[in-house]
Colleague: 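Please find one structure pasted underneath; my questions will follow.
Every chain is numbered from 1 and lettered A, B, ... according to where its sequence line falls, protein lines coming before strand lines.
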Protein chains: 2
Amino acid sequence: MDVDARKLRILQAIVDDYILSNTPVGSRTLSKTCGLGVSSATIRNEMADLTEMGYLVQPHVSAGRVPSPKAYRLYVTSLLPQGMGEEELSGARRAFNTRVRDMETLISQGAAAISDLTHYTALVLTPRQSDLKVRSLHLVPVGGDRALLVIVTDSGVIRDTSIRISSRLDAGALYTIGQMLTQRIQGMTLRQLREALYGYAATQDADARVLGGIADLAAQVEKQTESDRVMVGGAHNILYYPEYADVSRARAFMNAIDDADSLIALLRSQDSGISVRIGQETGIPAFADCSVITAPYRIGRGHTGAIAIIGPTRMPYARMLDMMRMFSQELTQTLSVKE
Amino acid sequence: MDVDARKLRILQAIVDDYILSNTPVGSRTLSKTCGLGVSSATIRNEMADLTEMGYLVQPHVSAGRVPSPKAYRLYVTSLLPQGMGEEELSGARRAFNTRVRDMETLISQGAAAISDLTHYTALVLTPRQSDLKVRSLHLVPVGGDRALLVIVTDSGVIRDTSIRISSRLDAGALYTIGQMLTQRIQGMTLRQLREALYGYAATQDADARVLGGIADLAAQVEKQTESDRVMVGGAHNILYYPEYADVSRARAFMNAIDDADSLIALLRSQDSGISVRIGQETGIPAFADCSVITAPYRIGRGHTGAIAIIGPTRMPYARMLDMMRMFSQELTQTLSVKE
DNA sequence: TGTTAGCACTCGCTTGCATTGAGTGCTAAC
DNA sequence: GTTAGCACTCAATGCAAGCGAGTGCTAACA
């Protein structure tokens, strides 16, 4: 059987309607709204075909039809209606830009901003940083046996962590050490830096030995550069969707959202462009009834972090794709202008 | 009418039972569990008295009794049963300490740790820092027209923010400026520092002028020191309590949790010790059915930050008070050992 | 005087049943 | 190929009956 133009039109109307209403859509209402000028009976015949082909599902025999994941897939791939108007989009762009001005606020507020603007749960994956080049390294005493390690990279990104130092070195000594180390490591990638630090620790290099906590330092760099971080915003937006009126489903969702590792895997597994994953395609059981829209953003030339929103499969895809595309562009631009 | 010993005993049994079961407790079950060896009829008489006195509430005439906020208040004040055993408590202490080792992790993970261990929603209020004394100030170039400002205080706490600097100063120049400023401001409180910076900006002091962004700097210091920050952890723990099986209640709760200002007010309004606020006492309408346990923690000698948990009024107070007391002690100790 | 057994009564909850109505599939006519 | 008509299905709604946990009251008892 073939999916002809009229079937497509009807399918699109069903998805559009269902996205708004969240109730199975019947043939009668459809005959009025889809604009084909055919009667409900005709629609019924077409719907029967679409059901047989797996695009529609009937909750029960006397209910309307609900789009299947397969229908959403087709819809996203080739049936997207008009997206957001330009004026609406630029409003959102302004709202977004007032909240995300640099890498720092991206990490702390980006997820919140995206979730506020989309009303979905938002994820921000920080860029994998092991390929960034080191520009300089600084040590700042913070009292006791701890110092703040600041690594400035290529794209202005800072990795700062507090590390232990063996003895009470004063600010001047730490500054000198920082300068010294900077000279040695300038231009290395963070990955190389980490390896070099482990090398220093092993060979007891005279200069490096000054820092008692050199191994600690290397370990910190490793931890910071290897493990991506993912920030979640607006997880409880999910409570506004009737699909999650049942608290146990909301709980399952929240638990999945808490599992940073699988979220990272989810965001890392994207292809280079913006992508939509529907239902099972997410690969996470708790998101079987959800869709995930992922978009990359870039820092400097190397790739790449990712942003994502998660919501019920019933999602206004056209709008959300516009939004995510815009966020991605704005972020990439904002973060590379910094350099 | 008098609240004699037996009434107290019965009230305590009712609260204990209700905390576990979340169902109105009847006279029959009570006569078996409260250990007084009296019949249900006697209990009924006592319960009638307690109801009249406002300690108990009947959802409807043929249901058991439910403790009123007044009952919880009495319970917390003078009826607390045995708290946690020492071995159980020290287990929790270990779990907590492996997750919160310093100020930094306190801010980023403290709320998560507390909520995980208590299964309630946890709040961490960062200490008001305007009274901390400045030990040193450092500037680290991070590319472009931005520098990282690190202020090291009295208690090893770091406030770091990125500020704009007018021209491209290299690391050496920034270091010198940092040293210079450190000499001038050492020993000031953060509040004094802020005022001094505004002073510099106004008088065009020769040394300070080097920093084009001095006003920016002052503003940042003000922002960082004046506005308390509150971190929330485990907000969705609330979904595990049947009191919030209705999603609209969960939503209301989440919205209240998102209102940082009122949370800060809530945590700031505590007295010096550990405190329990029940229902209306919280002063936040959305928490009318909740209790909040607040505990202060100290950094150095000045006070103080606060931690809190929020959950349904039906809360195992004895355990939670033990826990919060322990968290508070551990934090205070961990953070002052740092010095 | 305090305690207890007994009993009628209340009322939320569950179960079962009939009704409703939106929506379907099928058939026959256009 | 399209449409009108019709019988059928089934979730949802409303209603009544029965159940049972729990109460208040009264009378008897220690």
Side-chain angles (χ1 to χ4, degrees), chain A residues 1-11 13-15 17-18 20-68 71 242-243 245-246, chain B residues 1-11 13-15 17-18 20-68 71 242-243 245-246:
Chain A
M1 194 171 345
D2 199 28
V3 186
D4 60 17
R6 194 172 67 180
K7 280 194 175 57
L8 280 183
R9 181 84 173 267
I10 289 172
L11 189 56
I14 291 175
V15 175
D17 188 295
Y18 186 74
L20 288 178
S21 70
N22 193 32
T23 50
V25 0
S27 56
R28 229 182 98 79
T29 44
L30 210 55
S31 77
K32 278 182 256 166
T33 58
C34 82
L36 280 172
V38 293
S39 80
S40 66
T42 311
I43 303 273
R44 272 206 292 283
N45 290 330
E46 298 286 37
M47 283 165 86
D49 291 350
L50 286 167
T51 305
E52 196 181 335
M53 287 186 274
Y55 289 105
L56 297 177
V57 170
Q58 271 181 301
H60 55 89
V61 72
S62 73
R65 304 303 214 281
V66 170
S68 71
E243 286 89 339
D246 180 0
Chain B
M1 199 168 347
D2 199 29
V3 185
D4 59 17
R6 194 171 68 180
K7 281 194 176 59
L8 280 183
R9 180 88 173 263
I10 289 172
L11 188 57
I14 291 174
V15 175
D17 188 292
Y18 187 74
L20 288 179
S21 70
N22 194 31
T23 49
V25 359
S27 56
R28 227 182 98 81
T29 45
L30 209 57
S31 77
K32 278 182 255 165
T33 58
C34 82
L36 280 172
V38 294
S39 79
S40 65
T42 310
I43 303 273
R44 273 205 292 284
N45 289 333
E46 299 287 36
M47 284 165 87
D49 291 350
L50 287 167
T51 305
E52 195 181 336
M53 286 186 272
Y55 289 105
L56 296 177
V57 170
Q58 270 180 300
H60 54 89
V61 71
S62 73
R65 304 303 213 283
V66 169
S68 71
E243 285 89 339
D246 181 359

Colleague: Round to the nearest Å and state the distance from B/I10 atom CD1 to C/dG2 atom P.
Modeller: 14 Å
Colleague: I'd like to know if the side chain of B/S40 reaches the main chain of B/R28, judged simply by a donor and an acceptor atom lying under 3.5 Å from each other, with no hydrogens or angles considered.
Modeller: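 Judged by distance alone, no pair lies under 3.5 Å.
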Colleague: Within less than 4.0 Å of OP1 or OP2 of D/dG22, is there a side-chain N or O belonging to B/S62?
Modeller: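 For B/S62, the contact criterion (side-chain N or O under 4.0 Å from OP1 or OP2 of D/dG22) is not met.
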Colleague: Using OP1 and OP2 only, check whether a side-chain N or O of A/R65 sits under 4.0 Å from C/dT24.
Modeller: yes
Colleague: Counting only Watson-Crick pairs (N1-N3 plus N6-O4 or O6-N4) and G-U wobbles (N1-O2, O6-N3), all under 3.5 Å, who is the partner of C/dT27?
Modeller: D/dA4
Colleague: Tell me which of A/R44 and B/R44 sits closer to the 5' end of DNA chain C, going by the nucleotide each one is nearest to.
Modeller: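 Going by which nucleotide is closer to the 5' end, it is B/R44.
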Colleague: Measure from the side-chain heavy atoms of A/A41 and tell me the nearest of D/dA4, C/dT24, C/dC11.
Modeller: D/dA4
Colleague: Report yes if a side-chain nitrogen or oxygen of B/R6 is closer than 4.0 Å to either non-bridging phosphate oxygen (OP1 or OP2) of C/dT3; otherwise report no.
Modeller: yes
Colleague: Specify the separation, in whole Å, of atom CZ of B/R28 and atom C1' of D/dG24.
Modeller: 17 Å
Colleague: Check for a donor-acceptor pair, side chain of A/S68 on one end and backbone N or O of A/V57 on the other, with a separation under 3.5 Å.
Modeller: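 A pair under 3.5 Å: no.
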Colleague: Tell me the interatomic distance from A/K7, atom NZ, to D/dT2, atom P, rounded to whole angstroms.
Modeller: 10 Å
Colleague: At under 4.0 Å, does any side-chain N or O of B/T42 touch on OP1 or OP2 of C/dT4?
Modeller: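 Yes.
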Colleague: Among the nucleotides D/dC10, D/dT23, C/dA5, which one has an atom lying closest to any side-chain atom of B/Q58?
Modeller: D/dT23
Colleague: Let me know, please, whether B/N45 or B/P59 comes out on the 5' side of the other along DNA chain C by nearest nucleotide.
Modeller: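 Mapping each residue to its closest nucleotide by heavy atoms, the 5'-most match is B/N45.
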Colleague: Would you mind reading off the distance between B/H60 atom NE2 and D/dA21 atom C1', rounded to a whole angstrom?
Modeller: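 The distance from NE2 of B/H60 to C1' of D/dA21 comes to 9 Å, rounded to the nearest Å.
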Colleague: Under 4.0 Å from OP1 or OP2 of D/dT3: is there any side-chain N or O of A/S40 that close?
Modeller: no
Colleague: Take atom CD1 of A/I14 and atom C1' of C/dT24, then tell me their distance rounded to the nearest Å.
Modeller: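 For the pair A/I14 CD1 and C/dT24 C1', the rounded distance is 14 Å.
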Colleague: Considering every strand shown, what is the Watson-Crick or G-U wobble mate of D/dG14 when both distances are under 3.5 Å?
Modeller: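 Matched D/dG14 with C/dC17 under the 3.5 Å cut-off.
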Colleague: Starting at CG of B/L30 and ending at P of D/dA21, how long is that distance when rounded to a whole Å?
Modeller: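 Rounded to the whole Å, the gap is 16 Å.
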Colleague: Taking all non-hydrogen atoms of both residues, which atom of A/P24 and which atom of A/Y18 are closest, and how far apart?
Modeller: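 The answer is N-CE1, 4.1 Å.
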Colleague: For the side chain of A/T42 and the backbone of A/V38, is there at least one donor-acceptor N/O pair under 3.5 Å apart?
Modeller: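 Answer holds: no.
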Colleague: Write down the distance between CE (A/M47) and P (C/dG25), rounded to a whole number of angstrom.
Modeller: 8 Å
Colleague: Given B/D49, which of B/K7, B/R44, B/R6, B/R65 fulfils the salt bridge (charged side-chain N to carboxylate O under 4.0 Å, His left out) condition?
Modeller: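 The single option meeting the salt bridge (charged side-chain N to carboxylate O under 4.0 Å, His left out) with B/D49 is B/K7.
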Colleague: Rounded off to whole Å, could you give me the CD-to-C1' distance for the B/E46 and C/dT3 pair?
Modeller: 11 Å
